[in-house]
Amino acid sequence: MEFIQREAQLDFLRTAMREAASGSGGTVLVEGGIACGKSQILEWVIDEATRAGVTLLSAAGSPAEDGTPLGVVAQLLDGAPPLTGLPSAVEGAADQRPGRFARHLAAAVRDMAEQAPVVIGVDDLQHADAESLHCLLQLARLTRRSRVLMVLTQPLYGGPRDPQFAVELLRQPAVHRLRLPPLDPAGVAEVLAGHSDMPAGAVDAAELHQLTGGNPLLLRALIEDCRRSQTYWSSGVARLAAGELFGQALLTCLRRGGEGTWEVAAALAVLGEAADTESLGRVVEATSWSVDEALQALESAGIVVGARFRDPVAQSVVLDSLDAAERGRLHRHVAWLLKDQGARPSDVAAHLLAGGEVPGPWGAAVLREAAEAALHEDDAQLAIDYLELACAGCDDERARMDIRLRLAAVLWRVNPATAEGRHLTDLVAAATRTRLPAHTAGQLANLLIAHGRVEEAREIIGGLRARASSGQWAAAQAALDLVAPLSGRWYAEGGDEGPLDHPAPGDVAAPAAPDALPRFPVLAPDSGGEASAERFLRVCPLIDATLTPIVNAVVSLYYGDRLEAAEDACRKFLEEADRRRAPGWRAVFAALRADIALRGGRLEAAAQHAQESLRGVSEYNGSFFLGGPLAVLVLTHTAAGDYTAAARRLNQPVPDALLKSVYGLGYLRARGHFHLATDQPEAALADFTTAGRLAVRWGVDRPVLLPWRTDAAQALYQLDRVDQAERLIIDQMRMPDAVYPRVRGVTLRLRAQTVDLKLRPSLLARAVEDLHRSGDRLELARTVGVLGETYRELGETTRSIAVTRRALHLARECGAEPLCAESGQRLREGERKRVQGLGPAGGAPAKPVAGDVLGAEAEAKLSDSEKRVAALAACGYTNREISAKLFVTISTVEQHLTRVYRKLNIARRHQLPLEVHLPANEIA
């Protein structure tokens with residue numbers, strides 16, 4: 001049996017045993033912290049007594065028997081040798097007069113000592129019953145002049161519950177107290193040295209002492225955990241790793257410390273940094289004296305220092321050992337206590353969350369405050385947890401709706417689809433059951449609009465307007481004034497266009513824009529709106545309240561054909577979303593970038609951004625939000641000619657109610673273009689006109705948002721219904737949005753198909769110029785291709801070839817394979833005609849330079865003026881025409897061409913490369 005730093009105590013006990021054998025008996029009370037070696041010392045005494053041949057009586061207190069009268073005495077008697085004169089049983093002893101049985105027992109022990117010395121050992125005195133304690137007290141008093149040594153063990157704090165026993169025992173002259181202190185750092189080092197498989201210095205003894213307080217049981221458990229952990233050695237140094245054995249040892253200490261000690265330890269674990277004597281007493285409903293004693297017992301056992309656990313692992317072990325009900329109860333007690341003490345809402349809310357219940361209205365209020373504090377620290381998930389608990393514990397339906405509205409807004413940070421799927425449907429249902437205050441109704445409509453759920457927003461706002469006073473309606477209107485639907489689906493300015501004056505193709509109804517919807521300001525080109533949006537985006541912080549205005553500002557930029565500025569803003573806010581740990585916001589801005597990239601003709605980038613957005617919401621397939629990036633993918637795959645991928649996306653399940661949201665409009669348009677590209681014009685027309693009917697119904701019938709008229713016109717062209725197509729195109733040209741370059745450019749291209757052939761080039765040239773300004777390279781490539789085909793039909797073969805080559809180059813840049821194939825076919829036909837001399841320009845085909853594209857090195861040799869002259873000359877313009885177009889003299893044109901020939905090492909005009917890097921509108 002190993003004893004470290006216990007030599008003085010063992011020497012004292014040896015002396016006491018010799019003195020008892022010589023007739024000077026006594027009692028030794030061995031005291032120490034929990035699991036600090038008291039039982040081990042008593043076992044040593046018993047072993048020594050056995051070897052010396054003395055009479056031995058031993059017993060141990062037990063929590064299971066501390067209510068059994070004379071339970072400890074019964075153990076002593078059961079272990080006595082036969083024919084000792086001791087009472088054979090204790091039945092009926094408790095019924096005798098007080099002290100009679102104890103005196104009889106003491107007399108019997110004295111008689112035994114006449115024959116041979118007697119050693120009585122009782123372990124864990126704190127669990128002994130009251131009757132046994134009385135007998136032990138009488139033995140100590142009546143046998144001190146006999147050859148009797150009594151060794152009793154008890155914890156340093158939290159001994160027997162009968163305080164009278166301790167007082168009376170220590171009053172006896174032959175009673176000695178023997179303290180067992182915890183090991184000091186030197187003792188810890190000595191224990192460590194006994195592990196021969198651990199190199200000297202591999203583990204720091206001082207750190208071991210700091211974590212265990214010198215408690216031998218905890219120390220050995222921690223050392224064994226380190227040996228088992230396999231993270232043991234790292235450059236010859238062991239990493240302390242408290243594990244399973246340490247946890248078991250800790251729980252053993254706490255159980256042996258008694259119920260009061262355990263309760264205080266559990267409360268201490270739950271309170272954490274907020275623990276002090278008063279707080280612990282209120283949680284466990286005990287006196288300050290009892291709490292202090294328990295803390296002293298825990299500190300003597302090396303478990304705590306003051307009111308703090310020595311090791312966070314110890315706190316975790318205690319928490320994990322609590323069953324759910326007890327743990328929840330303690331957390332709720334602590335929450336109430338902290339609230340009463342005026343603690344921060346976040347501290348109180350943490351315990352309410354751990355407790356899993358909301359104790360009354362004050363709890364919901366605290367949770368809401370804590371949620372806002374968590375959002376300030378960008379911990380959205382914690383805020384969501386707080387709000388969900390507040391919602392679950394709120395009995396008032398209106399208050400619960402306010403919480404759910406806030407929760408749905410916060411969920412945007414994590415996942416827009418989750419916000420929609422978990423709460424919006426229930427909120428709408430609740431709104432039908434109760435009359436919402438005007439402000440709450442406005443907020444709900446705001447949220448629905450942000451999710452694109454226009455139908456439900458109309459119902460909420462319509463119901464409010466029907467019953468609200470003018471003041472209430474103004475309040476609701478104010479809550480909505482800055483709101484516009486996500487991804488640019490705005491509401492028109494009170495139906496600026498007015499109702500259509502005839503039914504649209506496909507029997508599309510054309511009701512007026514509903515006046516129950518809020519009216520939002522519309523940004524017009526050159527009105528300064530885009531500049532205001534840019535200024536707003538530069539200074540506005542990204543928070544829950546500003547998300548929708550930020551999205552709308554970005555949307556205003558790219559619908560206003562400021563694609564680069566919109567892209568820069570999205571990139572900035574994507575970085576901010578990453579920094580703020582808001583994947584939901586990232587999904588929103590990724591969806592916006594997908595729209596921007598598609599509008600700019602960057603098909604590959606559009607697909608990447610759309611897929612990134614979908615990954616952010618993939619856990620909830622019933623989301624309306626999915627309709628936005630899904631539509632971008634369908635349009636992208638269709639434009640790229642990957643019809644299989646587009647069909648696969650269209651076969652992806654979408655919610656039935658998608659068409660009740662503005663995202664459904666984009667989805668219908670994307671599906672229509674797929675049908676158009678795959679020779680299904682009837683299906684395409686049905687999708688386009690359905691989208692148009694919904695846009696009119698909801699008051700969002702604006703070509704800048706949804707150009708359904710020109711979409712439907714393309715389907716009608718394929719169906720040879722030219723008159724109906726022309727009417728739609730003319731309608732769109734008359735709408736206010738026709739001032740937007742992209743809208744006007746696409747409309748002019750389709751309008752050109754309805755006019756005389758000789759009039760087409762001027763319309764198409766204007767369309768090219770508009771689309772170049774808009775930044776939509778895909779529509780630009782399509783329009784330049786139509787211009788090239790028009791020149792071919794007019795017999796201007798050389799110019800047709802040049803323009804078609806430019807269309808091919810643009811299509812390649814976009815990755816639009818169908819347009820590439822179309823332009824390539826036209827080029828081959830044009831080259832064949834030119835070789836055959838069928839075109840008015842005639843001559844040999846142009847000699848290609850650097851694979852039909854002017855090399856960067858060669859192009860760098862030309863000035864901007866030389867590029868313009870070379871590009872126009874390559875397109876078949878005469879020197880006089882170039883002079884008039886560029887407002888320079890014919891002599892200047894000739895000088896520029898001479899320098900171009902020399903720099904490019906060519907001799908004749910027809911050898912000019914047809915792919916000089918020049919804006920398409922300048923070669924049109």
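Numbers here are sequence positions counted from 1.
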(message) Looking at Asp561 and Arg742, is any side-chain nitrogen of the basic one under 4.0 Å from a carboxylate oxygen of the acidic one?
(response) no
(request) Mind checking the CD1-CD spacing from Ile596 to Glu567? Nearest 0.5 Å is all I need. (result) 5.5 Å
(message) Tell me whether Asp701 is salt-bridged to Arg709, with the criterion being a basic N under 4.0 Å from an acidic carboxylate O.
(response) yes
(request) Nearest 0.5 Å please: distance from the CG atom of Leu668 over to the CZ atom of Phe688. (result) 9.5 Å
(request) Please report the closest heavy-atom contact between Val743 and Ala738, naming both atoms and the distance. (result) CG1-CA, 4.1 Å
(message) Could you go through Arg744 and Leu748, starting from their C-alpha distance and side-chain angles, then the distance that decides it, and tell me whether this counts as side chain to side chain contact (heavy atoms under 4.5 Å, CB included)?
(response) CA-CA 6 Å; Arg744 186 171 59 231; Leu748 286 172; 3.8 Å; yes
(request) Determine whether Ser613 and Phe625 make a side-chain contact, defined as any pair of heavy atoms from C-beta on separated by less than 4.5 Å. (result) yes
(request) Given side chain to side chain contact (heavy atoms under 4.5 Å, CB included), test Glu789 with Arg792 step by step and report yes or no. (result) CA-CA 5 Å; Glu789 175 64 12; Arg792 186 191 67 79; 2.5 Å; yes
(request) Could you go through the side-chain hydrogen bond (donor to acceptor under 3.5 Å, both in side chains) check for Arg880 and Ser883 one step at a time? (result) CA-CA 5 Å; Arg880 184 176 299 280; Ser883 169; over 6 Å; no
(message) Could you check whether any side-chain heavy atom of Leu603 comes within less than 4.5 Å of a side-chain heavy atom of Leu598, counting everything from C-beta outward?
(response) yes
(request) With rounding to the nearest 0.5 Å, note down the distance linking CZ in Arg602 to CG in Asp776. (result) 11.0 Å
(request) Considering non-hydrogen atoms only, spot the tightest contact between Pro681 and Gln718 and give its length. (result) CB-OE1, 3.7 Å
(message) I'd like to know whether the aromatic ring centres of His609 and Phe589 sit less than 6.0 Å apart in this structure.
(response) no
(message) Do the side chains of Arg760 and Glu793 get close enough for a salt bridge, i.e. N-O under 4.0 angstrom?
(response) yes
(message) I need the Arg749 CZ to Glu779 CD distance, nearest 0.5 Å.
(response) 4.5 Å
(message) Looking at every non-hydrogen atom in both residues, tell me the closest pair between Thr689 and Trp708 and how far apart they are.
(response) CA-CE3, 4.4 Å
(message) Would the distance check show the side chain of Ser800 and the main-chain N or O of Glu796 forming a donor-acceptor pair, the cut-off being under 3.5 Å?
(response) no
(message) Do Arg702 and Tyr559 make a side-chain contact, defined as non-hydrogen atoms from C-beta onward lying under 4.5 Å apart?
(response) no
(request) Measure the spacing between CG of Asp642 and OG1 of Thr636 and express it to the nearest 0.5 Å. (result) 11.0 Å
(request) Show your reasoning for whether side chain to side chain contact (heavy atoms under 4.5 Å, CB included) applies to Arg805 and Ile801. (result) CA-CA 6 Å; Arg805 283 185 182 277; Ile801 290 173; 3.7 Å; yes
(message) Could you tell me if the side chain of Arg693 sits less than 4.5 Å from the side chain of Arg697, heavy atoms only?
(response) no
(message) Given 3.5 Å as the limit, does a donor-acceptor pair link the side chain of Thr804 with the main chain of Gly785, or not?
(response) no
(request) Return the minimal non-hydrogen interatomic distance between Leu614 and Arg649, and the atom names on each side. (result) CD1-NH1, 3.7 Å
(request) Give the minimum heavy-atom separation between Leu778 and Ala639, together with the two atoms involved. (result) CD2-CB, 3.9 Å
(request) Flag the pair Pro629 / Glu612 as yes when at least one side-chain heavy-atom distance between them is below 4.5 Å, and no otherwise. (result) no
(message) Taking CD in Glu894 as the centre, count heavy atoms belonging to other residues, nucleotides or ligands within less than 6.0 Å. Is the count above 12?
(response) yes
(request) State, yes or no, whether a side-chain contact exists between Val746 and Pro707 at a heavy-atom distance under 4.5 Å. (result) no
(message) Run the side-chain hydrogen bond (donor to acceptor under 3.5 Å, both in side chains) test on Arg727 and Gln724 for me, step by step, so that the C-alpha distance in whole Å, both residues' side-chain angles and the decisive distance to 0.1 Å come before the verdict.
(response) CA-CA 5 Å; Arg727 292 184 68 188; Gln724 289 180 307; over 6 Å; no
(request) Side-chain contact test, heavy atoms from C-beta onward, threshold under 4.5 Å: evaluate it for Tyr667 versus Leu650 and give yes or no. (result) yes
(request) May I ask you to decide if Cys820's main-chain N or O and Ser823's side chain share a donor-acceptor pair within less than 3.5 Å? (result) no
(request) Assess whether atom CD of Glu564 is packed by more than 12 heavy atoms of other residues, nucleotides or ligands within 6.0 Å. (result) no
(message) Between Arg826 and Glu822, does any NZ, NE, NH1 or NH2 come within less than 4.0 Å of an OD or OE carboxylate oxygen?
(response) yes
(message) So which atom in Met735 and which in Asp731 form the shortest heavy-atom distance, rounded to 0.1 Å?
(response) CG-O, 3.1 Å
(message) A side-chain contact here means heavy atoms from C-beta on lying under 4.5 Å apart; do Val869 and Val888 qualify?
(response) no
(request) In sequence, state the C-alpha distance, the side-chain angles, and the governing distance for Gln714 and Leu750, and then conclude on side chain to side chain contact (heavy atoms under 4.5 Å, CB included). (result) CA-CA 8 Å; Gln714 295 177 69; Leu750 294 174; 3.8 Å; yes
(message) I'd like to know if the side chain of Asn879 and the backbone of Val893 have a donor-acceptor N/O pair within less than 3.5 Å.
(response) no
(message) Is the positively charged end of Arg799 above the ring of Tyr791, judged by distance under 6.0 angstrom from the centroid and angle within 45° of the axis?
(response) yes
(request) Verify, without hydrogens or angle tests, whether Ser556 (side chain) and Ala553 (backbone) share a donor-acceptor contact under 3.5 angstrom. (result) yes
(request) To the nearest 0.5 Å, tell me how far Thr790 OG1 sits from Leu759 CG. (result) 11.5 Å
